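One-based numbering along the sequence shown. Just so we're clear, the structure is a prediction, and the values are computed from it rather than from any experiment.
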Amino acid sequence: GGAYWVDSQQKRYVPVKGDHVIGIVTAKAGDVFRLDVGGSEPASLSYLAFEGATKRNRPNVQVGDLIYGQFVVANKDMEPEMVCIDSSGKSSGMGIIGQDGFLFKVSLGLIRKLLAPKCEIIQELSQLYPFELVLGMNGRIWVKAKTVQQTLIIVNILEACEYMTAEQRKQALAKLSGN
């Protein structure tokens, strides 16, 4: 009776302590921002959870901003809580993500594949164009290349990667790079 199955096409993200995710700021409430992280409830993020933030020096966070952060609290009895600093108080790449990239959602399975240490997909893509990439364990990817067209090509390849073999992917990339 008490068992349940979760398939790899899981739609709703369940926050896990330590996970790095991309959240969308939905509200400012006093000293706390509310973020949509794709879970069943919003996560909270204190304005003090940024590198160098003090009562006087607050980060400039607006509703609609994308935030790359990490969960410090994530359990079923408490609201998930995020920070944008590591244990030594440094941002380590976390914080507000640039405005002019492209945010899209993929399956949690694809995110795990892209985050694997020996993932060839990102290495292969980086030979095509230079780009910035942020991968969230909640299935969100933010990408930005030099032009909108290059950005969208990278988005399309990343989305298609889920259903391509390594060989199909190499062929598609070869076509794009004109080889």
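Side-chain atoms of Ser91 do not come within 3.5 Å of backbone N or O of Glu51 as any donor-acceptor pair. With Asn156 contributing its side chain and Leu152 its backbone, the two residues share a donor-acceptor pair below 3.5 Å. Looking at Ser44, its side chain never comes within 3.5 Å of a backbone N or O of Val32 through a donor-acceptor pair.
Inter-residue side-chain proximity for Ile24 and Leu35 is flagged as unmet; no heavy-atom pair is nearer than 4.5 Å. Counting only heavy atoms from C-beta outward, the side chains of Leu173 and Gln171 never approach each other to under 4.5 Å. In this structure the side chain of Ile154 never reaches within 4.5 angstrom of the side chain of Phe102, judged on heavy atoms. In this structure, Val37 and Met82 have side chains that are in contact, with non-hydrogen atoms separated by less than 4.5 Å. With a 4.5 Å cut-off on side-chain heavy atoms, Phe104 and Val143 count as touching. The side-chain heavy atoms of Phe33 and Val63, taken from C-beta on, include no pair separated by under 4.5 Å. Taking the side chain as every heavy atom from C-beta outward, Leu108 and Leu110 never approach each other to under 4.5 Å.
We find that Glu162 and Arg169 are not joined by a salt bridge, their nearest charged nitrogen and carboxylate oxygen being 4.0 Å or further apart. The pair Asp31-Arg58 meets the salt-bridge criterion, with a side-chain N (NZ, NE, NH1 or NH2) lying under 4.0 Å from an Asp/Glu carboxylate O.
Nearest heavy-atom pair, Leu103 versus Arg140, reported as atom, atom and distance to 0.1 Å: CD1-CB, 4.0 Å. Nearest heavy-atom pair, Asp86 versus Ser92, reported as atom, atom and distance to 0.1 Å: OD2-OG, 2.5 Å. Residue Pro42 comes nearest to Pro80 through the heavy atom pair O-CD, 3.7 Å, listed as atom of the first residue, atom of the second, then distance. The minimum heavy-atom distance linking Phe50 with Pro59 is given by the pair CD1-CG, 3.4 Å. Scanning both residues, Cys84 and Ile67, for their nearest heavy atoms gives SG-CG2, 3.4 Å. Of all the heavy atoms in Ile121 and Cys161, the pair that sits closest is CG2-SG, 3.4 Å.
Donor-acceptor pairing under 3.5 Å is lacking for the side chains of Thr26 and Asp36.
Distance check, rounded to the nearest 0.5 Å: CZ of Phe131 to OG1 of Thr147 gives 13.0 Å. Rounding to the nearest 0.5 Å gives a distance of 9.5 Å between CD1 of Ile157 and CD of Glu124. Distance CG/Leu128 to CG/Leu125: 6.5 Å, rounded to 0.5 Å. Here the straight-line distance linking atom NZ of Lys76 with atom OG of Ser40 works out to 12.5 Å at 0.5 Å rounding. In this structure, the separation between CG on Asp65 and CD1 on Ile97 is 10.0 Å, given to the nearest 0.5 Å. The distance from the CE atom of Met94 to the CD1 atom of Ile85 is 8.0 Å, given to the nearest 0.5 Å.
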Verify side chain to side chain contact (heavy atoms under 4.5 Å, CB included) between Asn57 and Thr54, making sure each step is shown before the conclusion. CA-CA 5 Å; Asn57 180 24; Thr54 61; 3.2 Å; yes
Decide side chain to side chain contact (heavy atoms under 4.5 Å, CB included) for Asn75 and Lys17; before the verdict, give the C-alpha distance in whole Å, the side-chain angles of both, and the deciding distance to 0.1 Å. CA-CA 8 Å; Asn75 61 51; Lys17 185 178 177 181; over 6 Å; no
Do Ile122 and Leu114 pass the side chain to side chain contact (heavy atoms under 4.5 Å, CB included) test, and can you show the C-alpha distance, the side-chain angles, and the key distance before you say yes or no? CA-CA 7 Å; Ile122 293 165; Leu114 293 170; 4.2 Å; yes
Applying salt bridge (Lys or Arg N to Asp or Glu O under 4.0 Å) to Glu79 and Arg34, what does each step give before you reach the verdict? CA-CA 10 Å; Glu79 174 185 64; Arg34 296 261 170 258; 2.9 Å; yes
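Counting non-hydrogen atoms of neighbouring residues, nucleotides and ligands closer than 6.0 angstrom, the NZ atom of Lys28 exceeds 12 such neighbours. Within a 6.0 Å sphere centred on NZ of Lys113, other residues, nucleotides and ligands contribute more than 12 heavy atoms.
Both Ile153 and Val148 belong to a single network of hydrophobic side chains, linked directly or stepwise wherever heavy atoms of I, L, V, M, F, W or Y lie under 4.5 Å apart. Under the 4.5 Å side-chain heavy-atom criterion for Ile, Leu, Val, Met, Phe, Trp and Tyr, Met137 and Ile141 are members of the same hydrophobic cluster. Grouping the Ile, Leu, Val, Met, Phe, Trp and Tyr side chains by contacts below 4.5 angstrom, directly or via other members, places Val134 with Leu66. Under a hydrophobic clustering in which Ile, Leu, Val, Met, Phe, Trp and Tyr are joined whenever their side-chain heavy atoms come within less than 4.5 Å, directly or via other members, Trp142 and Tyr68 fall into the same cluster. Grouping the Ile, Leu, Val, Met, Phe, Trp and Tyr side chains by contacts below 4.5 angstrom, directly or via other members, places Leu133 with Ile111.
In this structure, Tyr13 and Phe71 have parallel ring planes: the angle between them is below the 30° cut-off, well short of the 60° mark.
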